[in-house]
Protein chains: 2
Amino acid sequence: MLGDMIEARHLRVLRAVATTGSFSAAARELGCTQPAVSQQMKALEQSTGTPLLIRSGREMRLTQAGEALVRHATGILAGLTAAEEEVAAIAGLRAGRVRLVSFPSGSSALVPSALAAMRAAHPGTRVSLVEAEPGRSVEMLREGDCEIALAFRYPEVEVRGDGQAAREEWDDLVVRPLLTDRLVGVLPESHRLAGADRIGIGELAEEPWIAGCPRCRRHLVEVCESAGFTPRIDFATDDYPAVFGLVGAGLGVAVMPELALESVVPMGARTVPVEPLVQREIVALTLPDLERVPAVGAMLDRLTEATRR
Amino acid sequence: MLGDMIEARHLRVLRAVATTGSFSAAARELGCTQPAVSQQMKALEQSTGTPLLIRSGREMRLTQAGEALVRHATGILAGLTAAEEEVAAIAGLRAGRVRLVSFPSGSSALVPSALAAMRAAHPGTRVSLVEAEPGRSVEMLREGDCEIALAFRYPEVEVRGDGQAAREEWDDLVVRPLLTDRLVGVLPESHRLAGADRIGIGELAEEPWIAGCPRCRRHLVEVCESAGFTPRIDFATDDYPAVFGLVGAGLGVAVMPELALESVVPMGARTVPVEPLVQREIVALTLPDLERVPAVGAMLDRLTEATRR
DNA sequence: CAGACCCCCCAAGCCGGGCTTATGCTCGGA
DNA sequence: TCCGAGCATAAGCCCGGCTTGGGGGGTCTG
């Protein structure tokens, strides 16, 4: 029920017989023995129900049905090799597309260098990049709208009954940790603690706060509450330069991933380590099957490498 | 070495999976069990070296390589079914061409009725007809320039050392006897024997003869010599009406196949049975492999049938 | 004219691969 | 929480392919 079709192998053998003019020559060309060719042709003639070859004296000729098959074989085998070639190009990293989605402004250094390394190593591949919040990016990953999602997670501050609420939603994904990012405090230059070596987060209990994305904001609240106070959040923005602007204007304090400070120069603000140590883990997420896709795997490797500079 | 190629069956399964969205549905569509589909896809992924399908939650999605394969599969499977269809049409006598070559003017009644019967029974087939001498027609058959050769042979008059010289050259062919044709004498109306019931060939020993084709001429000489004389041959022509004209003009006598008299009316000539009985056997020749080609076999059957009217 | 070579067919045997049944697992819905 | 659907896996049977070895026929050449 599944194999009642002309097989491509048969066509290849038939074509070899037609071009070489003999079973033996076809066998040599195909790298097998002559009886193998003989049997293949017998099987093909049986499956088609009509003779395909005429053994007339020494030369081998095609019947009309044989000619028809050979005529079609050209296109079919060409299509088959084209298909093999295309998938081989993808498998061999000479082609292939990776859709990468990253959280906004979270990987200003990481992603570009990984993209550059990928392009250098596998020029045929194409990597596209769009930005989305971690929640949305994971959704896109599950929906098939991207192959790699860059996200971050915070360790749980307090141990609750369901200890791994944040990690739980990823347990069917491949989670490749890239790097852990320490959060530092950001204070106005004029702040009394701006010059401190390090500060406890509780020392900022009375300050107005400027928070980041919802996820970051939630975690900030958790950290502060475990330190004994509830932060008064006056502003919330994803945009790190905006945070600097707000802090520089003396409108509040903030915490911010250290990585975000690498590519910008804070104006009118000072950074200072805070205690307790607050870390953010940046990870690349993908689906188990996708990890084995060569281009996806290669891009994951490039992302991992990009953290080792 | 022979099967290191993507198989058409794999593509069919992959396409079914892609369109139905699940292995089970594909299995139902293909008429096999679900593990069969599962294994086919695993084998295909292994042979291509890259994942083709993403099992994400409940829905099944294609990777880029899978999409490429499905895209090619459309054309490949279409070509394959087109090839199957064409050869099936030939096998099912809905198409096919038969090249028939007949000796000149030897089958004025036989061939046309067989052609008509063939066209009526299998309208899709095409039969072409050209004329050639028996020697040449057999050569064409062996060269692949025709599928059926109509020829005739005479029984050996005298038993020589190599008793079957004429039959020997056909012993690797399929010889299908169609009918045996008695030769009759053709005399001028004014001839003294024109009104006889039958004559011995020896009674024409002194007449000038009009012979037919080289083959017929050779046989005429053999028959006459076994009757004790050597015929004096003044004219030789393949054209039966011309023979009648020559005989009618009193220029000689001739022998002629009875069949040739069916579609012409002799003018100024009389036919009379001769003794000893001289017969000519009309046969259809083909190659052993060609006999099994449906259209060729059907045409042979029509030729055989055409003799039974 | 005979030997030699080439090519094809046939038979037997080994091997791999495919399909099936049976079973377990996961996930989503009632 | 139970149930149904769907996929994966294992074991087993079976068919089909490829190989080796032997035989027959045709052609070319010495």
Side-chain angles (χ1 to χ4, degrees), chain A residues 1-14 16-18 20-47 51-61 142-143 168-173 287-289 292, chain B residues 1-14 16-47 51-62 66 142-143 162 168-173 287-289 292:
Chain A
M1 189 62 82
L2 218 119
D4 55 351
M5 188 176 244
I6 291 181
E7 297 183 29
R9 175 165 26 95
H10 287 159
L11 293 182
R12 225 177 53 162
V13 176
L14 176 65
V17 170
T20 62
S22 89
F23 284 10
S24 300
R28 285 191 292 272
E29 183 176 307
L30 296 171
C32 65
T33 61
Q34 172 267 322
V37 175
S38 197
Q39 291 179 33
Q40 290 286 325
M41 290 300 91
K42 177 176 288 188
L44 183 55
E45 289 185 332
Q46 185 170 355
S47 85
L52 303 173
L53 295 165
I54 317 253
R55 291 83 162 171
S56 168
R58 196 178 53 235
E59 61 183 337
M60 189 79 66
R61 277 196 306 273
R142 293 192 203 277
E143 295 291 324
E168 192 167 286
E169 58 177 318
W170 293 351
D171 60 0
D172 59 336
L173 301 179
L287 298 177
D289 291 318
R292 294 169 40 233
Chain B
M1 189 62 81
L2 219 122
D4 55 349
M5 188 175 244
I6 292 180
E7 297 182 29
R9 177 165 24 98
H10 287 159
L11 293 182
R12 227 177 49 162
V13 175
L14 177 65
V17 170
T19 55
T20 62
S22 88
F23 284 11
S24 300
R28 284 190 294 270
E29 183 176 306
L30 296 171
C32 64
T33 61
Q34 169 266 321
V37 175
S38 198
Q39 292 182 56
Q40 290 286 323
M41 289 300 92
K42 177 177 287 187
L44 182 56
E45 288 185 331
Q46 185 169 356
S47 84
L52 302 173
L53 296 165
I54 316 264
R55 291 84 162 168
S56 169
R58 196 179 52 234
E59 59 183 339
M60 189 78 66
R61 277 195 307 271
L62 290 169
R142 293 190 203 278
E143 294 291 324
D162 52 345
E168 190 167 290
E169 60 178 317
W170 293 350
D171 60 358
D172 59 336
L173 301 179
L287 298 176
D289 291 320
R292 293 170 39 236

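To find a chain, count down the sequence lines: A is the first, B the second, and so on, and within it residues start at 1.
Between Glu45(B) atom CD and dA8(D) atom C1' there is a gap of 13 Å when expressed in whole angstrom units. Gln34(A) has its CD atom 7 Å from the C1' atom of dC9(C), to the nearest Å. dG17(C) atom C1' lies 19 Å from atom CE of Met5(B), rounded to whole Å. Taking atom CD on Glu59(B) and atom P on dC7(D), their separation rounds to 12 Å, with Å as the unit. Between the CZ atom of Phe23(B) and the P atom of dT9(D) there is a distance of 11 Å, given to the nearest Å. When rounded to the nearest whole Å, the span between CG of Leu30(A) and C1' of dT19(D) equals 16 Å. Taking atom CD of residue Gln46(A) and atom C1' of nucleotide dG16(D), one finds them 12 Å apart after rounding to whole Å. Here the C1' atom of nucleotide dG25(D) and the CG atom of Asp171(B) are 12 Å apart, to the nearest Å.
One distance of note links CZ of Arg61(B) with CG of Leu287(A); it measures 6.5 Å at 0.5 Å rounding. Rounding to the nearest 0.5 angstrom, the gap separating the OG atom in Ser24(A) from the CD atom in Gln34(A) is 5.0 Å.
Contact check, Arg55(B) against dA8(D): a side-chain N or O comes under 4.0 Å of OP1 or OP2. Considering only side-chain N and O atoms, Gln40(A) lies under 4.0 angstrom from the phosphate OP1 or OP2 of dC18(D). Taking only side-chain nitrogens and oxygens, Ser24(A) comes nearer than 4.0 Å to OP1 or OP2 of dC8(C). Remark: Thr33(B) is in phosphate contact with dT20(C), judged by side-chain N or O atoms under 4.0 Å from OP1 or OP2. Put simply, Lys42(A) has a side-chain N or O that comes within less than 4.0 Å of OP1 or OP2 on dC10(C).
Of the residues near DNA chain D, Ser38(B) and His10(A), the one whose nearest nucleotide (by heavy atom distance) lies more toward the 5' end is Ser38(B).
Every side chain to side chain contact (heavy atoms under 4.5 Å, CB included) that Pro35(B) has, sequence neighbours left out, goes to Thr33(B), Gln39(B). In this structure, the salt bridge (charged side-chain N to carboxylate O under 4.0 Å, His left out) partners of Arg292(A), at least two apart in sequence or on a different chain, are Asp289(A). Shown here are the side chain to side chain contact (heavy atoms under 4.5 Å, CB included) partners of Ala43(B), two or more places apart in sequence or in another chain: His10(B).
Between dG17(D), dG6(D), dC8(C), one nucleotide has an atom nearer to the side chain of Arg9(A) than all others, and that is dG17(D).
Listed by first and then second residue, the salt bridge (charged side-chain N to carboxylate O under 4.0 Å, His left out) pairs that reach into residues 33-47 of chain B are Glu45(B)-Arg55(B), sequence neighbours excluded.
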With the criterion being N/O to N/O and under 3.5 Å, what pairs connect the protein with nucleotides 10-15 of chain D, and how long is each?
none

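Across Ile6(A) and Ala8(B), no two heavy atoms sit closer than the pair O-CB, 4.3 Å.
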